[in-house]
Each structure stands twice: as structure tokens, then as C-alpha cells.
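Following: one structure in C-alpha cells, then a few remarks.
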Amino acid sequence: MDLADLRVKIDEIDEQIVDLYEKRMDISRQVAEYKIETGKQVFDKKREEEKLRKVKSLTHNDFNSHGIEELFEQIMSMSRKLQYRLLQEHGSSGKLPFIGVDGLDAGKARVVFQGAEGAYSQAAMMQYFGDRVNSFHVDTFREAMIAIDEGSADFAVLPIENSTAGIVSEIYDLLVEFENYIVGEQIIKIEHCLMAVPGTELDDIKTVYSHPQSLMQSARFLDNYDWQQISMQNNAFAAKKVAGDQDKSQAAIASEYAAKLYGLDVLVKGVNQSSTNSTRFIIVTNQKIFLKNAQKVSICFEVPHESGSLYHMLSHFIYNNLNMNRIESRPIEGRNWEYRFFIDFEGNLSDSAVKNAMRGLREEARNMRILGNY
């Protein structure tokens, strides 16, 4: 047979496959209707594993066995997604435990930020809530999370990502540990300045203090000098220390606002190598609320440590036409080589497509949590 004849044969078989696929999906629709009436779950892992073993046994070689396993995994995945959609259409998808609000009650709110006066977190807070916000600061991110968890603060402002240094991994871990939720975000441009007590010259400096990420972001500048670099919890803490010690051998890298606040001279502006350096801050609360006009959803989940498990989770975004714009992973404590995935995608918790994707993820992923809609 020549190539044209072979292609005709393939076309004939493909038509049969399409016809059989549609017949199968029609049966899946009937299964969904039965599950709606009886309240049964869509995802039946044991049933699917049995089905895969059976269809693999019908093949005649290892190559076809792997291929048919992959094919039927996709077919069953599409069947589940159809069933989730039908559940959503029948109002049987369950309600997400978040309340939509028109706006945050920022006027009466008490806000906590990590660091000292003059920290970038304070600048982000003031941009989001205004200059007259009722605020206080704590030394660590954990203390900020505890403050809103216990109710001594209504909101916390925390850095989660820098355009140069990447994610703040501790924040991701704390979002899992605490029952707190993201309700907003604020992006501010970062311009690090080298500062010291008045009268200091560059030749006087022997030690420079700053947050480790700020030191890294300023590495190109710092490489020109043989200065000892000491990490601090926060840039503002570094400025406060240098101002308190009144030692010309010390300098800090922090914001220009911190220099003014602590009476330090700015020796060099813009020591960070990237002129587009920005940090994204999240606004966190202990209430399960979201703004009705929110357009970004953050979630996290775990997956079984087996081939294809993450792919199947991500397929829920593809099927529901949701644009995923970030994925990060963090190791799960006490479970070597297993990871928790954090995903940001576009959408609102009131959207039917988002509800449908969340339904599928809740049933198929491990420990899926909605971290916020903002």
C-alpha cells in the first residue's frame, strides 16, 4: 500500500475513534446525572486504576501498553471534567467559603508590617492604605502573621516576590501554616541607597549592613569594595543600627526614606544593579473575604509523587480556559523530595470556570487550599 492509501485507512479509523469518544462522553454525562442524584464523588481513584490495568492488558507489547495508558488517562480526565461542569451547572458544585465584599474597611483598620520605621513594607502599606493608616511594626514575618491570626491587627503587609531576587520563600510557607488569606497586593519600585552617619566618606567604610536580598541585588556595586557584608532582618533595621552606633566605619543599604528618618547621609543612590527592580507585597487578613472585582486567585496544593500527577492538576486550568501566570514549588517538611505547588491564575471566585476548576482540584489534589482572591 502506498502512503495515500495508508492515510485513508488512518482517516477511517480516526472517524471511528471520534464516534466512539462521543458515545463514551454521552455515557459520562449520564454518569454525572446519576452522581448528582446520589451525591457520589466524581473522582474514583480505585475504579480508574482498575480500568487502566484492564485496558493495558488488552495490548500486545510494552510500547502500546504505555500508549494506551496515556490515552485512557486523558479520556478519563476529560470525562471527569465534563462531570464537574455538569455538577456546576446543576448547582451541585458546593459553595466556596469566601464572602465577596465591595471594599476593604481600611479606614478603621489596624495594619502591621515587618521591620522598623522606614522599611519598604511601610512604604507599600502607605501606598495601599494611605499615609494616615493606623499601623505598627514587628520584627519578623511570623510575628506579623500571628498578629492578624490573633486579631491584634486587621491586615498585614508582607513582601512575597522581588523582580530581581525572586520569591520570599518564608512567606509561602507561612501562608500554608496560618489560616490567613490574601486580599490585595501592592508593587513598589525599589531603589537602594548606601547611607552612613553624616561626615562619612566611602574610604571610611569597613562594614555594610542590609537584608540579604538587598545585598545580593547590590552585588555589582559592592564588588568594587572590600567591605564586610552583614545580613540583617530588614533594611530599616540596618539603617537604625548604623544611626544608633554613630560609627563611620559602618554603612547601610536601605531606602532614601530610611536615611531621612534616621538622620543618615545618602552616599550613593541606586546601588542596586537593576533600574527596574520592584517588590510585590501582599495584603493579608484572617477573614475569608475577597473583593468582588478581584482578578487574581492564589492557591496551593500537593500531588502524589508519581509520573504525570502535576500535569493532570494543571489540565483543569486548560480545560476551563483559565490563564495561569505563576507556579512555584516549596519542599514539604518531613517528606523528602515531595513538593507543594503554589499557583496564581486570572479569575474571580464567583466565576463559574473558577468554581469548576476548584471543584476538580479539590477532588483530585492533596490538601488544596485557596490562599486568596485579589
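Along the sequence shown, residues carry numbers from 1. The figures that follow rest on heavy atoms only: side chains count, while hydrogens, waters and symmetry mates do not.
Scanning all heavy atoms of the two residues, the minimum distance from Asn348 to Val297 falls at N-CG2, 4.3 Å. Across every non-hydrogen atom of Ile187 and Gln127, the tightest pair is O-OE1, 4.2 Å.
Tracing side-chain contacts under 4.5 Å through hydrophobic residues (I, L, V, M, F, W, Y), one reaches Leu310 starting from Leu322; they form part of the same cluster. Connection of Ile282 to Ile146 is established within a shared hydrophobic cluster, with ILVMFWY side chains joined at heavy-atom distances below 4.5 Å, either directly or through further cluster members. Under the 4.5 Å side-chain heavy-atom criterion for Ile, Leu, Val, Met, Phe, Trp and Tyr, Tyr262 and Phe237 are members of the same hydrophobic cluster.
Ser79 and Gln83 share a donor-acceptor pair across their side chains, judged by distance under 3.5 Å alone. In this structure, a donor-acceptor pair under 3.5 Å is absent between the side chains of Ser77 and Tyr319. Remark: the Glu33 side chain and the His90 side chain contain no N/O donor-acceptor pair separated by less than 3.5 Å. Asn277 and Gln217 share a side-chain donor-acceptor pair at under 3.5 Å.
Lys51 and Asp44 are not joined by a salt bridge, as no carboxylate oxygen comes within less than 4.0 angstrom of a charged side-chain nitrogen. Ionic pairing of Glu256 and Lys269 is present here: one or more N-O contacts between side-chain nitrogen and carboxylate oxygen are shorter than 4.0 angstrom. Lys296 has a carboxylate O that lies under 4.0 Å from a charged side-chain N of Glu185, or vice versa, which qualifies the two as a salt bridge. Under 4.0 Å is where a charged nitrogen must lie from a carboxylate oxygen, and between Lys189 and Glu191 no such pair does. Here Asp351 does not pair with Lys355 in a salt bridge; the nearest charged N to carboxylate O distance is not below 4.0 Å. Salt bridge status for Glu363 with Arg80: absent, with no side-chain N to carboxylate O gap under 4.0 Å. Using a 4.0 Å cut-off between charged side-chain N and carboxylate O, Lys288 and Glu179 make no salt bridge. A salt bridge links Lys45 with Glu49: at least one charged nitrogen is closer than 4.0 Å to a carboxylate oxygen.
When the options Val168, Asn272, Ile190 are evaluated for a side-chain contact (heavy atoms from CB on, under 4.5 Å) with Asn162, the one that passes is Ile190.
Taking the six-membered ring where the residue is Trp, Phe342 and Tyr172 present perpendicular rings, their angle passing 60° and hence far from 30°. By the 30° and 60° cut-offs, the orientation of the rings of Phe221 relative to Tyr225 is tilted. Ring orientation note: the planes of Tyr181 and Phe98 are nearly perpendicular, at an angle over 60° on the 30°/60° scale.
Residues His312 and Val303 are not in side-chain contact: their nearest non-hydrogen atoms beyond the backbone lie 4.5 Å or more apart. A 4.5 Å side-chain heavy-atom check between Met358 and Ile299 finds at least one atom pair inside the cut-off. Two residues are said to be in side-chain contact when any heavy atoms from C-beta on lie closer than 4.5 Å; Ser210 and Ser231 fail this criterion.
In terms of modelled atom types and a separation under 3.5 Å, the side chain of Ser152 and the main chain of Ala147 share a donor-acceptor contact.
Dense packing is recorded around CG of Asp223, with more than 12 heavy atoms of other residues, nucleotides or ligands lying under 6.0 Å away. By the 6.0 Å contact criterion, CG on Asn321 is open, its count of non-hydrogen atoms from other residues, nucleotides or ligands being 12 or less. Annotation for Leu71: atom CG counts as buried by contact number, over 12 foreign heavy atoms lying within 6.0 Å.
Judged as a side chain to side chain donor-acceptor pair (under 3.5 Å), not a single pair has a partner in residues 195-206 (not counting sequence neighbours).
Considering only residues two or more places apart in sequence or on other chains, Ser255 meets the side-chain contact (heavy atoms from CB on, under 4.5 Å) condition with Tyr120, Tyr257, Ala258.
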Exercise for the section: Begin from the C-alpha positions of Gln114 and Glu143 and carry the test side-chain hydrogen bond (donor to acceptor under 3.5 Å, both in side chains) through to its verdict. Expected result: CA-CA 8 Å; Gln114 182 270 338; Glu143 288 174 314; over 6 Å; no

